[in-house]
Amino acid sequence: MSSRIKICQYIPHGAIPDIRGFAPAIVAQNYALSIDKTEFDMYYISNKEDYKDFYQKTKYGNVYRIFESKIYKRLFKKITRLDPYPLEKRMAKILNKYPVDILHVHQIEFNINKFKKYLTKKIPKIIVHSHNFTHKYNSINGTADRYITLTQQSKTIMIQKGYPKEKIITITNSIDTNTFKPVADSQKISLKEKYDIDKDAIVISFIGRKQEVKGFEKFLFMAEKMILKNKNLVFISVGPEPFDTKYEKSYLEREQIRNKLSSLDNYKEFQPLKHKELAEIYQMTDITVLLSKREAQGMVMVESISSGCITISSNIDGILETIEDRYNGYLLTPEVNTDELIKKVEYILENFESKEIENIKKYGRQTATDKFDTSIITNKLQLLYKEIINE
């Protein structure tokens with residue numbers, strides 16, 4: 001092929017560069033780090049979020065940002081349902097000016113037919129990237145040239161929901177295993193000093209949205225019971241706390257626990273962190289507790305095992321295609337009670353120098369590098385791009 005394949009990636013609910021740990025945005029920008037730039041030319045349309053500029057040149061490529069104010073969304077999308085400038089029209093305006101061969105959309109509910117109606121230039125091939133499996137297929141919205149699912153389980157569910165089987169391909173989310181990697185004991189001690197943690201402390205972390213769907217309350221209930229009994233334990237939570245969290249059943253109890261823990265030196269909370277700082281949290285963490293109630297794939301779980309953490313996660317959904325119990329992590333039911341969770345953590349602590357734990361770390365890292373490294377996943381995507389452009 002004489003010229004590069006032109007691609008636009010669309011991330012309607014996250015920003016590029018990512019600023020809040022939003023999985024589709026992270027996945028989209030990760031591709032740019034290892035894609036073959038002699039064959040592919042990529043730019044982005046993303047949400048504006050907290051950025052000031054509607055256009056920016058970044059290390060990932062050119063980014064065009066779309067903004068909808070809260071008033072706009074409330075008036076035209078909730079109250080009147082008469083949206084005068086829908087996202088599809090805003091996108092088409094950019095693509096009419098900068099046409100591409102492939103539009104890669106990170107939104108399963110994307111209305112393909114409505115988007116095409118606003119195009120005045122070339123109609124690109126369309127890939128719809130499904131980061132969840134909650135929407136049924138609707139032929140009125142049009143059919144993509146390909147649908148990407150994150151796991152085989154997701155593919156099965158999408159087929160059940162009516163999506164055309166022959167157009168679905170599974171490509172997992174990727175991580176940068178050179179960033180999320182284990183470190184030597186000396187570096188681990190230095191990181192603990194940086195974050196004001198005793199060098200001999202055992203660190204147990206929760207990373208993700210601070211919500212029930214991610215099992216945050218399980219982590220807090222466990223921390224409350226264990227933190228006073230064992231002064232050598234440090235508990236860390238990292239991640240955003242969405243506005244609607246306060247409507248969850250466990251919210252008030254969680255707030256009481258957090259207020260109690262906040263006065264202790266061995267409990268620390270962080271808002272979303274940039275990848276460099278997030279990697280440091282993993283690198284000084286011994287055990288992660290990530291008991292999601294649903295998870296299309298679970299990028300945090302992959303980051304955790306890649307970083308050398310002993311990972312306790314849920315035996316559900318796409319997690320089962322990443323973590324195998326007692327091989328590269330430990331699996332519990334999302335409904336596990338606090339005492340059972342504590343028992344599992346205590347078992348790990350009691351056997352921390354054992355061959356079993358050593359192997360779990362080893363095979364966790366191996367799983368991440370063999371199956372989820374950005375270069376491997378990007379290569380699969382490149383093959384897909386070439387395949388559909390030649391159809």
Side-chain angles (χ1 to χ4, degrees), residues 1-18 22 24-32 35-49 51 53-69 72-73 76-77 83-131 135 138-148 167 169 171 378 381-382 384-391:
M1 193 172 291
S2 58
S3 61
R4 291 182 293 176
I5 297 173
K6 293 181 171 61
I7 301 158
C8 173
Q9 288 201 69
Y10 172 51
I11 307 95
H13 304 302
I16 302 289
D18 172 68
F22 184 61
I26 295 170
V27 169
Q29 67 189 31
N30 273 353
Y31 292 140
I35 200 163
D36 187 344
K37 293 179 175 59
T38 66
E39 293 193 87
F40 302 93
D41 186 12
M42 187 182 296
Y43 73 86
Y44 300 86
I45 299 173
S46 80
N47 194 288
K48 186 170 178 288
E49 290 199 339
Y51 284 101
D53 299 320
F54 285 89
Y55 167 77
Q56 184 183 8
K57 288 186 176 181
T58 75
K59 68 177 182 179
Y60 307 108
N62 294 344
V63 180
Y64 300 85
R65 300 193 178 104
I66 292 173
F67 175 71
E68 292 178 313
S69 69
Y72 185 98
K73 289 179 181 178
F76 294 118
K77 292 192 170 183
D83 191 348
Y85 198 15
L87 291 175
E88 294 89 354
K89 190 172 183 178
R90 296 170 189 239
M91 278 184 61
K93 182 179 179 180
I94 297 171
L95 268 79
N96 285 333
K97 191 173 182 180
Y98 307 104
V100 294
D101 302 301
I102 298 172
L103 173 63
H104 184 161
V105 178
H106 293 263
Q107 183 187 41
I108 185 62
E109 65 269 29
F110 179 69
N111 193 313
I112 296 166
N113 285 341
K114 189 180 288 187
F115 164 72
K116 287 181 176 179
K117 183 178 73 174
Y118 297 114
L119 284 177
T120 59
K121 301 285 185 177
K122 174 181 181 179
I123 296 178
K125 300 279 188 176
I126 295 177
I127 295 172
V128 171
H129 203 135
S130 174
H131 293 269
H135 292 266
N138 185 348
S139 60
I140 294 174
N141 292 341
T143 303
D145 294 279
R146 288 292 189 282
Y147 295 91
I148 296 177
K167 292 185 179 291
I169 183 171
I171 300 179
T378 302
L381 185 70
Q382 290 179 168
L384 173 61
Y385 284 161
K386 291 178 182 178
E387 179 182 303
I388 68 168
I389 208 68
N390 290 314
E391 288 181 346

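A quick note: this is a predicted structure, and the numbers were derived from the prediction, not measured. Residue numbers run from 1 in the order of the sequence given.
Lys125 approaches Ile389 most closely through the heavy-atom pair CG-CD1, 4.4 Å. Residues Ile127 and Ile148 approach most closely at CG2-CD1, 3.7 Å, considering heavy atoms. Residues Val128 and Gln107 come closest through the heavy atom pair CG1-O, 3.5 Å. Considering all non-hydrogen atoms of both residues, Arg4 and Thr38 come closest at CG-O, 3.2 Å. Residue Ala25 comes nearest to Ala15 through the heavy atom pair CB-O, 3.5 Å, listed as atom of the first residue, atom of the second, then distance. Nearest heavy atom pair, residue Lys37 against residue Ala32, reads NZ-O, 2.7 Å.
The aromatic rings of His129 and His106 lie parallel to each other, with less than 30° between the two planes, well short of the 60° mark. Between Tyr43 and Tyr64, the angle of the ring planes goes over 60°, which puts this pair in the perpendicular group of the 30/60° scheme.
Atom CD of Gln382 sits about 4.5 Å away from atom CZ of Phe40, to the nearest 0.5 Å. Atoms CZ and CD1, on Arg146 and Ile126 in that order, are 13.0 Å from each other to the nearest 0.5 Å. To the nearest 0.5 angstrom, Glu49 atom CD is 9.5 Å from Ile16 atom CD1. For the atom pair OG1 (Thr120) and CG (Asn96), the distance works out to 3.0 Å, reported to the nearest 0.5 Å. Put simply, CG on Asp145 and CD on Glu387 are 11.0 Å apart, with the number rounded to the nearest 0.5 Å. Remark: Thr378 OG1 to Ile35 CD1 distance equals 7.0 Å, nearest 0.5 Å.
No side-chain heavy atom of Gln9 sits under 4.5 Å from any side-chain heavy atom of Tyr60. Taking the side chain as every heavy atom from C-beta outward, Leu95 and Val100 approach each other to under 4.5 Å. Side chains of Val105 and Ile112 form no contact here, defined as non-hydrogen atoms less than 4.5 Å apart. Within the 4.5 Å cutoff, the side chain of Pro124 has no heavy atoms near those of the Ile102 side chain. Counting heavy atoms from C-beta on, the side chains of Ile7 and Tyr31 never come closer than 4.5 Å. Proximity of Phe22 to Asn47: side-chain heavy atoms (C-beta onward) are nowhere separated by under 4.5 Å. A heavy-atom distance below 4.5 Å is not found between the side chains of His104 and Met42. Two residues are said to be in side-chain contact when any heavy atoms from C-beta on lie closer than 4.5 Å; Gln29 and Pro17 meet this criterion.
In summary, of the residues considered (Tyr55, Tyr44, Tyr51), a side-chain contact (heavy atoms from CB on, under 4.5 Å) with Val63 occurs for Tyr44 alone.
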Item to check | Trace of the side chain to side chain contact (heavy atoms under 4.5 Å, CB included) decision for Glu68 with Leu87 | outcome: CA-CA 9 Å; Glu68 292 178 313; Leu87 291 175; 3.8 Å; yes
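By the 6.0 Å and 45° rule, Lys93 does not stack over the aromatic ring of Tyr118.
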